[in-house]
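Beneath this line is the structure, given in structure tokens, with notes to follow.
Residues take their numbers from the sequence shown, with the count starting at 1.
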Amino acid sequence: MASYLIAIAVGDIEYRSLGRRVGVITEPCRLDAVAEELDELEMFLDYAEDYLTPYIWGNYSILILPPSFPMGGMENPLLTFASPTIITGDKSQVDVAIHEIAHSWTGNDVTC
């Protein structure tokens with residue numbers, strides 16, 4: 001794995017499973033909203049596998065960063081770091097999570 005994809009998350013964060021192999025991580029006060037917004041994450045991963053090849057990384061989680069991290073994101077095997085701006089309450093920015101899932105193949109698998 002490319003060394004630029006090493007990531008460490010430290011703070012007051014909690015994990016919630018959203019399916020057999022996906023979950024979200026965020027601050028406890030935002031966990032319900034994040035889980036509701038990204039509740040279809042497992043389905044997106046399944047769709048990607050149907051279209052591409054099996055997901056080789058095991059579990060996939062997305063860490064929604066605190067508001068002091070205003071934009072951007074970074075995919076890593078097993079974990080995506082994402083801006084809190086993707087949690088809108090209307091799922092209009094869920095495509096960011098789908099984009100980052102796609103990097104599990106194009107960026108973390110094929111190109112490595």
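Going from atom OG1 of Thr80 over to atom NE2 of His99 covers 9.0 Å, rounded to the nearest 0.5 Å. Expressed to the nearest 0.5 Å, how far CD1 of Ile62 lies from CG of Leu78 amounts to 13.5 Å. The distance from the CZ atom of Arg16 to the OG1 atom of Thr26 is 10.5 Å, given to the nearest 0.5 Å. Once rounded to the nearest 0.5 Å, the distance linking OH of Tyr60 with CD of Glu100 reads 6.0 Å. Distance check, rounded to the nearest 0.5 Å: CD1 of Ile13 to CZ of Arg30 gives 13.0 Å. Note that the CD1 atom of Ile64 and the CZ atom of Phe81 stand 11.0 Å from one another [nearest 0.5 Å].
Between Pro67 and Pro84, the shortest heavy-atom contact is CA-CG, 3.7 Å.
Under the 4.5 Å side-chain criterion, counting only non-hydrogen atoms from C-beta, Ser104 is not in contact with Glu49. Within the 4.5 Å cutoff, the side chain of Ile98 has no heavy atoms near those of the Tyr47 side chain.
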* To do: For the pair Phe44 and Val22, evaluate side chain to side chain contact (heavy atoms under 4.5 Å, CB included) and give the outcome as yes or no after the intermediate values.
  => CA-CA 10 Å; Phe44 298 139; Val22 300; over 6 Å; no
Got a list of side-chain donor-acceptor pairs under 3.5 Å for residues 35-42, not counting sequence neighbours?
residue: Glu37; atom: OE1; partner: Gly89; partner atom: N; Å: 2.9
residue: Glu37; atom: OE2; partner: Thr88; partner atom: N; Å: 3.3
residue: Glu37; atom: OE2; partner: Thr88; partner atom: OG1; Å: 3.1
residue: Glu37; atom: OE2; partner: Gly89; partner atom: N; Å: 3.4
residue: Glu37; atom: OE2; partner: Lys91; partner atom: N; Å: 2.8
residue: Asp39; atom: OD1; partner: Lys91; partner atom: NZ; Å: 2.4
residue: Asp39; atom: OD2; partner: Lys91; partner atom: NZ; Å: 3.4
residue: Glu42; atom: OE1; partner: Arg20; partner atom: N; Å: 3.0
residue: Glu42; atom: OE1; partner: Arg21; partner atom: N; Å: 3.3
residue: Glu42; atom: OE2; partner: Arg20; partner atom: NH1; Å: 2.8
residue: Glu42; atom: OE2; partner: Arg21; partner atom: NE; Å: 3.2

